Structure formats: C-alpha cells, structure tokens
Amino acid sequence: MPFPTTPGVQPTNSATPSAASHGLRHGRYEDFQALFTGTLFVSITLMLFAQAGLMTGGTAGIALLVHYWSGLPLGTVFFAINLPFYWFSWKHMGPEFTVKTFIAVGLLSLLTDWGPQVIHVDYLNPLFAAVLGGLLLGTGCLFLARHRASLGGAAILALYLQERYGIAAGKVQLLVDCSVVALALFMVPVQNVLYSILAAVVMGVFLWISHRPGRYVSQ
C-alpha cells in the first residue's frame, strides 16, 4: 500500500488509483494494532541501542543526545521534541495522519520509559544490535506509514516529500538519520557512531526497497 493521498497533496502519478478509491481502508482495530506493534518494535530498538551504546537518527536520535547530556527521561524528551512538528503535519499531511502520529509518538514515549522495567539484555554485540535495530526500526516505521502515521519529526518531512514530489521516503530518512548520527561524534565513541551509521543505512535501504508508491494498489 502506498502512502495515502492527503488533503491538499496530489499523488505523483494522477493516473495511478489510490487505495482509498478502491475502498481499501483500515479499520480502527487494524490501525491500533499497527500503531502499537510499530511503536513496540521501535521502543525495543531504542532499548537495544541504549544497551549497546549506539545512536539512531531523526528526532529519536536527538532525544538520545539530549538524554545523554541532561539525564532527562528519554521518552519524555522524545515526546517534547516532536511537539513543533505537529503544526506542519496538520497543515500538509492532514488531521488523520497527525492524530495517528501523535498517538504513535505518545505510545513510543511511554514504552521507551517503561520498557527497561520488563526487559534487560546482559550482553549485546554492537554489530548485531546495529543490524537488528535497523531492521526493527524499518519494520516499525513501515507499519506506521501503511496506516497513515509516523514517529514525527523527519519522518513527517520524508513522507510529505514522497507524496508531493515523488522523492523516496527512505532516501530522505537515510540522509537525515546519518546527519544526526554524525553529531553524535561529539558524545559517543567513534566505533559506536560507525555502528550507528550502519543501523541507519540498514533502515534506509529496508524502507527504500520495501515501500514503493503504487506497489499495494489494487487493480
């Protein structure tokens, strides 16, 4: 299923029928299941990265940097950083996408702060954490995107550019993520930054290959 067309945003190929035009809309239960599963996958990734001393990109990466620097709860910081992006999302992506994104960000914030109470990894190879985390991040974001949601921040911009200009969301996300991870050089050991960049590449390539406009349109 492609990213759905939002009010005021035209698809890159007007001849391509949208899923909505064929009545292929998700129910509320399906939406909730996807939002919960997607945010759960991402929260597990953040816990793995924290355990291995890795970074990630986007607003989650910025939240990690602020968390390392200030000691504030990671979930709370992540929720606060995303607040400025909701106005842009409401204006360009529509109310439905914005509300679902707000719910997803809230769920991720709660799961991230609550997760360490129920799961702890005694040993985690950073290379394994980078590959597994990149795939989990990509899968979680794909769940959310196919149900008209995101984790805010750069993801909102990436989805908007794909819908409006046909620029692959994975490419935009990859560029933003690698830029944020590069900032971690000032706070994280170089070896861990390299592993973190690998995770961003794994996630970006996964999204690039797995989510293409028009792939899930019914004929």
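Predicted model only: the values in this text are computed from it and were never measured. Along the sequence shown, residues carry numbers from 1.
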**Asked** How about T56 and T45: do any of their side-chain heavy atoms sit closer than 4.5 Å?
**Response** no
**Asked** Considering all heavy atoms of both residues, which atom of F78 and which atom of S109 are nearest to each other, and what is their separation?
**Response** CD2-OG, 3.6 Å
**Message:** Using modelled atom types and a 3.5 Å cut-off, is there a donor and acceptor pairing between side-chain atoms of S43 and backbone atoms of T112?
**Reply:** no
**Request:** Mind listing the closest non-hydrogen atom pair of L64 and L54 along with its distance?
**Result:** CD1-O, 4.3 Å
**Flag side-chain contact, heavy atom, 4.5 Å: M187 against L65** = yes
**Asked** Residues two or more places apart in sequence or in another chain: which of them pass side chain to side chain contact (heavy atoms under 4.5 Å, CB included) with W114?
**Response** L111, Q117, V118
**Asked** Is there a side-chain contact between Q51 and L48, using heavy atoms and a 4.5 Å cut-off?
**Response** no
**Item:** Shortest non-hydrogen contact between G53 and N192, atoms and distance
**Value:** O-ND2, 2.9 Å
**Prompt:** How far does CG of L108 sit from CZ of F36, to the nearest 0.5 angstrom?
**Reply:** 11.5 Å
**Asked** Are F41 and V121 joined in one hydrophobic group, where the rule is that I, L, V, M, F, W and Y side chains link up if heavy atoms are under 4.5 Å apart?
**Response** yes
**Message:** Assigning hydrophobic clusters by single linkage (Ile, Leu, Val, Met, Phe, Trp, Tyr; side-chain heavy-atom cutoff under 4.5 Å), is L144 placed with V99?
**Reply:** yes
**Message:** Check whether S89 reaches the backbone of Y86 with its side chain - one donor and one acceptor, N or O, closer than 3.5 Å.
**Reply:** no
**Prompt:** If you look at every heavy atom in E30 and H147, which pair is closest and at what distance?
**Reply:** O-CE1, 3.5 Å
**Request:** Using side chain to side chain contact (heavy atoms under 4.5 Å, CB included) as the criterion, list what pairs up with V193, not counting sequence neighbours.
**Result:** V181, A184, L185, V188, I197
**Message:** Quick check: closest heavy atoms across F49 and G133, and the distance to 0.1 Å?
**Reply:** CE1-CA, 3.8 Å
**Request:** Locate the shortest heavy-atom distance separating L35 from A104; write the atom from each residue and the value.
**Result:** CD2-CB, 4.3 Å
**Heavy-atom check, side chain of T39 versus side chain of F143, under 4.5 Å** = no
**Message:** Which label fits H92 and F88: parallel for a plane angle under 30°, tilted from 30 to 60°, or perpendicular past 60°?
**Reply:** tilted
**Request:** Scan L135, L137, L132 and name whichever one has a side-chain contact (heavy atoms from CB on, under 4.5 Å) with V202.
**Result:** L135
**Message:** Using the rule that Ile, Leu, Val, Met, Phe, Trp and Tyr join whenever any side-chain heavy atoms are under 4.5 Å apart, tell me whether L136 and L40 fall into a single cluster.
**Reply:** yes
**Request:** Rounded to the nearest 0.5 Å, what's the gap from CE on M203 to CG on L142? Could you check?
**Result:** 10.0 Å
**Prompt:** Is it true that L175 and Y165 fall in one hydrophobic cluster, defined by side-chain heavy atoms closer than 4.5 Å?
**Reply:** no
**D31 CG to R146 CZ distance, which is reported to the nearest 0.5 Å** = 14.0 Å
**Message:** Would you say that T59 contacts F85 through its side chain, given a criterion of any heavy-atom pair below 4.5 Å between the two side chains?
**Reply:** yes
**Item:** Separation between OH of Y160 and CD1 of I167, rounded to the nearest 0.5 Å
**Value:** 10.5 Å
**Asked** For the rings on F79 and F102, is their centre-to-centre separation under 6.0 Å?
**Response** yes
**Fill in**
Distance col, row D113:CG vs L46:CG, nearest 0.5 angstrom, shows 10.5 Å
**Message:** Membership question, hydrophobic clusters at under 4.5 Å side-chain separation (ILVMFWY): are L194 and V205 in the same one?
**Reply:** yes
**Message:** Would you compute the distance between atom OG1 of T101 and atom CD of E96 and round it to the nearest 0.5 angstrom?
**Reply:** 10.0 Å
